There are 2 protein chains.
Amino acid sequence: MLRMKRVTIEDVARQAGVSIATVSRVVSGSTHVAPMTTAKVQAAINMLGYKPNPIAKHLAGQRTNTIGLIVDEIVGDFFQPMLRGIEQTSSEHGYDLLIHSTRMRRRSGSYPVAEHNTDGIIVFGNSLPLDELRRLYIKQFPMVLMHQTPPSDVHVPCVTIENKRSAQRMVDYLIEQRGYTEIAFLRGPEGNEDSQWRELGFRESMAAHGLKVDDELIGMGGFEEMQAHHTVTQWVRQGKRPRCIFAADDDSALGVLRALKEAGLRVPQDVAVVGFDDIRIASYLSPALTTVRAPIEQVSRVAVETLIQLLEGETPQMLTLLPTELIIRESCGYSA
Amino acid sequence: MLRMKRVTIEDVARQAGVSIATVSRVVSGSTHVAPMTTAKVQAAINMLGYKPNPIAKHLAGQRTNTIGLIVDEIVGDFFQPMLRGIEQTSSEHGYDLLIHSTRMRRRSGSYPVAEHNTDGIIVFGNSLPLDELRRLYIKQFPMVLMHQTPPSDVHVPCVTIENKRSAQRMVDYLIEQRGYTEIAFLRGPEGNEDSQWRELGFRESMAAHGLKVDDELIGMGGFEEMQAHHTVTQWVRQGKRPRCIFAADDDSALGVLRALKEAGLRVPQDVAVVGFDDIRIASYLSPALTTVRAPIEQVSRVAVETLIQLLEGETPQMLTLLPTELIIRESCGYSA
DNA sequence: GTGAAAGCGCTAACAT
DNA sequence: ATGTTAGCGCTTTCAC
């Protein structure tokens, strides 16, 4: 495809009767330029409709003015608010956004979004393998992690939510306000950090109330409707029937609800169910799902702001934990 | 932030004892290079860990290897499958993805994602004002429209779904299979093209069956729960009670369902409701929502492929209409 | 305050 | 088959 001839800095310089250096100065505002000269240059710029070419700027200036976002997979209710926060904040700060999903690809061993085309990146969860993370860290390439803390030898800022404390508060509520003593927990995927913290919060609350955690009632939910459904169906078949099930995320809570319904058990009368995330469906279910609302968009915003601090040479906070909100609805036994 | 000294093409050339041109040839594979030389260069590349700098490549080569996506707002259930399709397809073809939302911004009158940093763009809906669309078109800048046909003077490929035909089929079903004769229609936002085609399909089906469309029963849904709720609530207050309501999208169908419930009307016994899109919630509602499933991810894939054809100088299809699927659930009166 | 000129890292003629 | 070199459009010393 042929590209039309662009208006370059030279055209402007010629038109204004100055050198390209002066035009550059006027455009960037880096050095003082005589008011008259500035006016002439501005006039030429407007007349010609000059737009600086960012690519050339990047080559010369050694920066791209672009932020990269690396995610595992573009999927789930989680994704949209996350991207929204990142895009908006980047844009507000004048950065472009390059996005890349690492799922299913790994062409030639190198990642298409990294130091060569961005000034810094935001890494969601464990979308980047540890060795790549280390490589970038050693190179001192600016990056911020979201929803995943870095390994101890990688000293990079991290923004996430108060997983442990939230789970703890939820379980406190279930025990203290609803009077449940037998609570099952449905884990997220193997190694998922969010899930680990939530489980820890669950266990600490149970312990703090002098309640025993029955290991038979710690199951796999996989942050997935299907897996959770399977686990709970098995429980029911084996005669295990906890009074309450805490699913580590709302998607698995969906599976729990379906499994209970199929087993002829009523929610919340027979079994109470709570989730985590407050996905959109949560409030539309009947009974509506009690859950924890995570400020996903806010996490994104803070992540971008943290990265920009890094880019500007400031020293950002290394760990940011954003607070959540308990959303009490009918599925836990509450009624208005 | 200081950047480490990069390994450049010159370092490789020196190390391999050849010229930079030869290195460039080996890397790009553009011209035949003697096997021995190739081997030497490869060895040097590996040894030094050389990575070509895309920015320099872009400046010199006049292309960015990047596709831009322009959307209005990052919001809704629609967004995630759309982006997913675009990201995957771009990536599969070796393109990076730059994304920009035009909502709420318009810094310095120029758009941050356009001809200066991409080889071509995909424009969703009417996220780009007409004058900008024209400007790019006149410049012959490669672009493809999604879910919106271009104005007649802008000859650009467009990919969308069979809106009219789908609506028609839905209404055919409602009339022929369910026996409804009085059907209301809830429009999308003013000027939204999807909605216009859907309304047309609705009207044609009604006409084809010799049924009158009552203009009092054409209301505003705005592709939004709130607006739809408001409209239907007004209808009920005014004693209008259509036997069936066709909401132009599922979000508005949600508002319809809520309004009817609040008015004490049963779905589908008193009023049947159908939507369009098949958002995730649709199947979880009770009654589950009858709707039209749109192949959103597929539209994205085709849009990217079309753009790439354009970039490669081929002549793509100018209009692609992807078929949909009727999803019949309980809200229209169907029972298994 | 402003101009000249040296890069930034690479591609693509043009030579050889 | 390979080397030489002129850009790509801009930023940034370094002089004047």
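None of these values were measured; they are calculated from a predicted model. Letters go in sequence order (proteins before strands), and every chain restarts at 1.
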If I take atom [atom1] in residue [X] and atom [atom2] in nucleotide [N], what distance separates them, rounded to the nearest angstrom?
X	N	atom1	atom2	result
B/Ile55	C/dG7	CD1	P	20 Å
A/Lys40	C/dG1	NZ	C1'	12 Å
B/Ile9	D/dT5	CD1	C1'	14 Å
B/Lys51	C/dC10	NZ	C1'	17 Å
A/Ile45	D/dG9	CD1	C1'	14 Å
A/Leu59	C/dG9	CG	C1'	6 Å
A/Lys57	D/dC10	NZ	P	8 Å
A/Glu10	D/dT11	CD	C1'	14 Å

Partner of A/Ile121 by side-chain contact (heavy atoms from CB on, under 4.5 Å), out of A/Leu128, A/Leu145, A/Ile67 |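 For A/Ile121, the side-chain contact (heavy atoms from CB on, under 4.5 Å) check succeeds only for A/Leu128.
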With a 3.5 Å cut-off and no angle check, do the side chains of A/Glu193 and A/Thr149 form a donor-acceptor pair?
-> yes
Give the nucleotide from the list [options] with an atom nearest to the side chain of [X].
X	options	result
A/Ala60	C/dC10, D/dG3, D/dG9	D/dG9
B/Arg25	D/dC10, C/dC14, D/dA1	C/dC14
B/His32	D/dC10, C/dT11, D/dA1	D/dA1
A/Ser19	D/dG3, C/dG9, C/dA4	C/dA4
B/Ala34	D/dA1, C/dA4, C/dT11	D/dA1
A/Ala21	C/dA5, C/dG9, C/dG1	C/dA5
A/Thr8	D/dC14, D/dG3, D/dG9	D/dG9

Ignoring hydrogens and geometry, is there a side-chain-to-backbone donor-acceptor pair from B/Gln80 to A/Asp77 under 3.5 Å?
->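 Here the side-chain-to-backbone pair does not exist.
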Look at the side chain of A/Ser127 and the backbone N and O of A/Phe124, then say whether any donor-acceptor pair between them is shorter than 3.5 Å.
->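 Looks like yes, one N/O pair under 3.5 Å.
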Distance below 4.0 Å between [X] side-chain N/O and [N] OP1 or OP2:
X	N	result
B/Thr37	D/dT2	yes
B/Ser24	C/dT11	yes
A/Thr22	C/dT2	no

Work out how much the helix from C/dG1-D/dC16 to C/dT16-D/dA1 bends between its end axes, five pairs an end, to the nearest 10 degrees.
-> 40°
Minimum-distance pair of heavy atoms, taken over all atoms of A/Leu69 and A/Met82 =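 In terms of heavy atoms, the two residues are closest at CD2-CE, 4.4 Å.
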Minimum side-chain heavy-atom gap A/Val156-A/Tyr137 below 4.5 Å | yes
Are any non-hydrogen side-chain atoms of A/Val304 and A/Ile308 less than 4.5 angstrom apart?
-> yes
Sugar-phosphate only, base, or nothing, as touched by A/Val23 at under 4.0 Å among non-hydrogen atoms =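 The residue A/Val23 makes no contact with any strand.
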Contact class for B/Val18 vs. all strands (heavy atom < 4.0 Å): base, sugar-phosphate, or nothing?
-> sugar-phosphate
Answer yes or no: is there an ion pair linking A/Arg301 with A/Glu87, defined by an N-O contact shorter than 4.0 Å?
->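 No salt bridge links A/Arg301 with A/Glu87.
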Taking the nucleotide of DNA chain D with the closest heavy atom to each, which residue, B/Ala56 or A/Ile20, is nearer the 5' end?
->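 It is B/Ala56 whose nearest nucleotide is closer to the 5' end.
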